[in-house]
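Here the structure is laid out as structure tokens; the discussion comes afterwards.
Residue indices begin at 1 and follow the sequence shown. Values below: all heavy atoms of this structure, side chains included; hydrogens, waters and symmetry mates excluded.
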Amino acid sequence: MTRWVQRASTTRAFVRVAPTVLPAVDRAVHRLSGGRTLLSEVLLPSVMLVATGARTGLPRRTPLAWVPEREGTWLLIGSNFGRAEHPAWSANLLAHPRARVYWAGGPAEGVGVVARLLTGAEREAAWGAAVRLWPPYATYRSRTAREIRVFRLARGEGSAGR
């Protein structure tokens, strides 16, 4: 099943539809489950990121896959399915690095985090870990001329709210 979904997630049709449909479904499931579930968790470690909007200053809820690391930090990959533009949530983290994350089995109040954009060798090592977790990231990278943003989240006081 996972391999089929990985193959499907790299098709052009999926890339056209998924960025609109999947987050909406994940947000609805998360809300209806009282913050306990994300549909995407069936395939990947997933989180609900609550970050401050770069332009609006309002809390923005975005369901994302994340890569857990041994040090108690997590990676977020701004692949945007290989589309030409960076995802909006990555601009939000650049403007306001303090955020909150919620995930299944995590504390009900979430965890405050501080995001840091990775560069150079640190970014490449993190990218390798992400591709090992979800091989379609490599396909997404091949489809775009931009450098895909990779963030490391570490525990800290998040300020984006619930």
Side-chain angles (χ1 to χ4, degrees), residues 1-33 35-51 59-94 97 99-107 110-118 122-144 146-155 158 160:
M1 170 77 162
T2 299
R3 290 204 189 279
W4 181 86
V5 172
Q6 287 177 349
R7 277 193 297 271
S9 73
T10 61
T11 65
R12 303 254 182 225
F14 182 90
V15 170
R16 271 194 306 277
V17 173
T20 303
V21 174
L22 292 182
V25 170
D26 251 343
R27 278 191 288 274
V29 168
H30 192 254
R31 187 179 60 252
L32 292 170
S33 71
R36 291 184 308 274
T37 304
L38 289 167
L39 185 61
S40 55
E41 289 173 325
V42 172
L43 295 170
L44 290 162
S46 298
V47 62
M48 181 64 72
L49 172 71
V50 182
R60 299 295 182 200
R61 303 175 69 75
T62 309
L64 299 167
W66 68 348
V67 181
E69 295 186 295
R70 285 188 206 140
E71 309 82 47
T73 58
W74 306 274
L75 301 173
L76 293 180
I77 312 301
S79 70
N80 206 13
F81 300 95
R83 297 165 110 194
E85 64 280 346
H86 292 288
W89 64 262
S90 71
N92 295 342
L93 288 181
L94 289 173
R100 291 199 84 67
V101 291
Y102 301 84
W103 70 95
V111 171
V113 294
V114 178
R116 184 171 57 85
L117 180 66
L118 301 183
E122 185 179 29
R123 182 201 171 283
E124 287 306 311
W127 177 259
V131 170
R132 283 189 296 282
L133 176 72
W134 189 246
Y137 283 137
T139 301
Y140 303 156
R141 183 184 207 178
S142 71
R143 289 188 176 156
T144 186
R146 68 179 170 87
E147 180 173 84
I148 292 174
R149 293 174 178 161
V150 178
F151 292 87
R152 178 166 284 127
L153 303 181
R155 289 178 188 259

Side chains of N80 and R146, heavy atoms from C-beta outward: is any pair under 4.5 Å? yes

With sequence neighbours left out, write down each residue that passes side chain to side chain donor-acceptor pair (under 3.5 Å) with R152, or none if nothing qualifies. E69, E122

Do the non-hydrogen side-chain atoms of L133 and P45 ever get within less than 4.5 Å of each other? yes

For a quick test of reading the model, state the closest non-hydrogen atom pair linking F151 to A115 and the distance between them. CD2-CB, 4.2 Å

Taking C-beta and beyond as the side chain, do V101 and W66 meet within less than 4.5 Å on heavy atoms? yes

Check whether any side-chain heavy atom of W127 lies under 4.5 Å from a side-chain heavy atom of I148, and answer yes or no. yes

Any heavy-atom pair between the side chains of L153 and V111 that's under 4.5 Å? no

What are the two closest heavy atoms between T144 and G82, and how far apart are they? CB-O, 3.5 Å

Answer whether the closest heavy-atom distance between the side chains of T62 and N92 falls below 4.5 Å. no

Among residues two or more places apart or on two chains, list those pairs meeting salt bridge (Lys or Arg N to Asp or Glu O under 4.0 Å) that have a residue in residues 123-139. R123-E147, E124-R141

Restricting to side chain to side chain donor-acceptor pair (under 3.5 Å), what partner residues turn up for S79, sequence neighbours left out? none

Side chains of V47 and W74: does their closest heavy-atom pair fall under 4.5 Å? no

Minimal non-hydrogen separation, I77 against A130, with atom names: CD1-CB, 3.6 Å

Quick one: pull up CG in L118 and CZ in R149 and give me the separation to the nearest 0.5 Å. 12.5 Å

Can you tell me how far the CG atom of L64 sits from the CG atom of L75, to the nearest 0.5 Å? 12.5 Å

Compare all side-chain heavy atoms of W89 with those of L76 and state whether any distance is below 4.5 angstrom. yes

